[in-house]
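Written out below as structure tokens is the structure these notes cover.
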Amino acid sequence: MSLTKKIVDITRELRRLQTPQEAILWEKLRNRRLNKLKFLRQHPIVYEYSGYTPLFFVADFYCHQHKLVIEVDGKVHDFQKDYDQNRDTILTELGLRVIRFKNEELKNIDEVLNKILAAINSTHPPAPSLLCREGVSKRSEDGGELERGRRGTIAIIVLAAGSSSRMGQSKQQLLIDGKSLLIHSAQTAIKSEADKVIVVLGSEEQSHRKLLNNLSVDTVFNSRWQSGMGSSLKAGLNHAISKNPETSAVIVMVCDQPLLKPDHLNSLIKKYRDTNALLVASLYSNTTGVP
């Protein structure tokens, strides 16, 4: 089962099993019935990645326009207060606002709606650097497929921070057709239809940075490059989002695939935009991988 399908199945099952209290509130929120605001129910919010695997919470209700999460808590939440507090802290750090109602509060639905409107009226927009970090996927109200902002900015992150320890020399500076692998990879990315190219450097940063001086790429130094590729990916993502909050997707490249062509990168972009998929990967040697 693909990860996207797994997330969709989880949210569909949660909607099917919604509590009577959730149903009461949804009846007031659905179809823009509250101040013409669009709410989504049982909505996945990605807050972090473990490798390529998204870690996510499912919000009972979510209003993207005001970055508002609404939770309806049953008795079980009396025994998981620490978990709820940690979850709310993470969501707040992502620029979201969380309000919680206990089941019994739904007996007075008008008061609950007034509290939601008060929260909306006092909501301040999140800092620009958080607008995409929140990783909130849009979903149709009828429980359709997950999707991202398909026409937003797409960046390519080229991971080139490793020390090539097994090779015994800088892999990035190996020549192919008279060019270093690093330059070849960067130029391949530049020739694609992506909007931005970011190269993450680590080992031998200064010499590698000089190779890229005349290319239209952003270079990022990962001071934690020795901890592994995940830290480089995080450095690239943070740069992409802080420099351009409209970033809606990234393509992850490595610098040691010399046969990679811009057309392949463009096919990934097209597949992403055509399918609304959360993840698009290349298939080779009977497995999936980068880019």
Side-chain angles (χ1 to χ4, degrees), residues 1-34 37-94 96-107 109 112-113 116 132-150 248-249 271-272 274-281 288:
M1 178 186 295
S2 71
L3 187 59
T4 300
K5 186 177 187 304
K6 180 179 179 181
I7 295 174
V8 171
D9 288 347
I10 289 172
T11 55
R12 282 177 175 165
E13 182 67 7
L14 288 173
R15 288 196 301 276
R16 187 181 70 82
L17 298 174
Q18 71 176 346
T19 67
Q21 291 77 17
E22 290 171 348
I24 291 171
L25 184 53
W26 179 235
E27 191 62 28
K28 298 295 183 179
L29 299 179
R30 67 186 305 176
N31 299 326
R32 301 181 185 271
R33 291 176 182 175
L34 184 66
L37 295 171
K38 183 179 179 64
F39 282 87
L40 304 170
R41 59 173 175 154
Q42 301 302 336
H43 180 74
I45 298 176
V46 177
Y47 63 89
E48 191 177 342
Y49 282 82
S50 175
Y52 296 108
T53 302
L55 306 178
F56 64 97
F57 298 129
V58 178
D60 288 341
F61 304 99
Y62 176 69
C63 177
H64 180 68
Q65 181 179 345
H66 290 280
K67 305 293 189 293
L68 181 66
V69 171
I70 302 173
E71 297 292 324
V72 178
D73 295 343
K75 289 297 293 182
V76 67
H77 290 269
D78 291 341
F79 305 98
Q80 58 177 51
K81 291 182 180 179
D82 288 343
Y83 170 82
D84 288 341
Q85 184 175 354
N86 289 335
R87 170 176 158 147
D88 291 355
T89 297
I90 292 171
L91 293 176
T92 300
E93 289 175 350
L94 295 176
L96 305 181
R97 185 165 191 174
V98 184
I99 55 176
R100 291 182 174 273
F101 297 102
K102 292 185 178 295
N103 276 350
E104 51 267 29
E105 292 183 78
L106 271 297
K107 294 177 182 178
I109 187 64
V112 167
L113 295 177
I116 293 172
C132 293
R133 244 191 75 204
E134 69 191 43
V136 177
S137 310
K138 298 177 183 178
R139 189 194 69 206
S140 62
E141 286 191 13
D142 63 356
E145 296 300 310
L146 298 168
E147 62 180 2
R148 295 277 181 175
R150 293 181 295 166
S248 63
K271 178 66 71 173
Y272 161 72
D274 288 349
T275 64
N276 300 337
L278 289 178
L279 179 66
V280 178
T288 55

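Residues: numbered from 1 along the sequence shown.
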> What distance do Y47 atom OH and L55 atom CG have between them, rounded to the nearest 0.5 Å?
Replying inline: 4.5 Å
> How long is the gap from CG on L25 to CG on D60, to the nearest 0.5 Å?
Replying inline: 9.0 Å
> Atom CZ of F79 and atom CG of D84: how far apart are they, to the nearest 0.5 Å?
Replying inline: 12.5 Å
> Does any non-hydrogen side-chain atom of F39 lie less than 4.5 Å from one of I116?
Replying inline: yes
>> With a sphere of 6.0 Å drawn around CD of E13, does it hold more than 12 non-hydrogen atoms of other residues, nucleotides or ligands?
In response: yes
>> Would you say that V46 contacts F56 through its side chain, given a criterion of any heavy-atom pair below 4.5 Å between the two side chains?
In response: yes
> Going through the distances and angles, do L40 and K38 end up as a side chain to side chain contact (heavy atoms under 4.5 Å, CB included)?
Replying inline: CA-CA 7 Å; L40 304 170; K38 183 179 179 64; 4.0 Å; yes
>> Please find the pair of heavy atoms, one from V58 and one from Q42, that lie closest to each other, and give the distance.
In response: CG1-OE1, 3.4 Å
> Of all residues at least two apart in sequence or in a different chain, which pass the salt bridge (Lys or Arg N to Asp or Glu O under 4.0 Å) check with K75?
Replying inline: D78
> Rounded to the nearest 0.5 Å, how far apart are CZ of R87 and CD of Q80?
Replying inline: 9.0 Å
> Side-chain contact, heavy-atom cut-off 4.5 Å: L68 with Y62?
Replying inline: no
> Considering all heavy atoms of both residues, which atom of G74 and which atom of N103 are nearest to each other, and what is their separation?
Replying inline: CA-ND2, 3.3 Å
> If every non-hydrogen atom of Y272 is compared with every non-hydrogen atom of A277, which pair is closest and at what distance?
Replying inline: CD1-O, 3.5 Å
> Which residues satisfy the side chain to side chain contact (heavy atoms under 4.5 Å, CB included) test with R33, sequence neighbours excluded?
Replying inline: E27, R30, N31
>> With rounding to the nearest 0.5 angstrom, report the CG to CD distance, D73 to Q21.
In response: 11.0 Å
> Which atom names give the shortest non-hydrogen contact between Q18 and A23, and what distance separates them?
Replying inline: NE2-CB, 3.7 Å
> Just how far is it from atom OG1 of T92 to atom CD of Q85, taken to the nearest 0.5 Å?
Replying inline: 10.5 Å
>> Any non-hydrogen side-chain atom of R97 less than 4.5 Å from a side-chain atom of V69?
In response: no
> Does the side chain of R32 come within less than 4.5 Å of L37's, by heavy atoms?
Replying inline: no
>> So, using side-chain hydrogen bond (donor to acceptor under 3.5 Å, both in side chains) as the criterion, who are the partners of Q65 when residues are at least two apart?
In response: none
> F61 and E22: which non-hydrogen atoms are nearest, and at how many Å?
Replying inline: CZ-O, 3.5 Å
> Are E71 and I99 close enough, and set up right, to give a side chain to side chain contact (heavy atoms under 4.5 Å, CB included), and what steps lead you there?
Replying inline: CA-CA 6 Å; E71 297 292 324; I99 55 176; over 6 Å; no
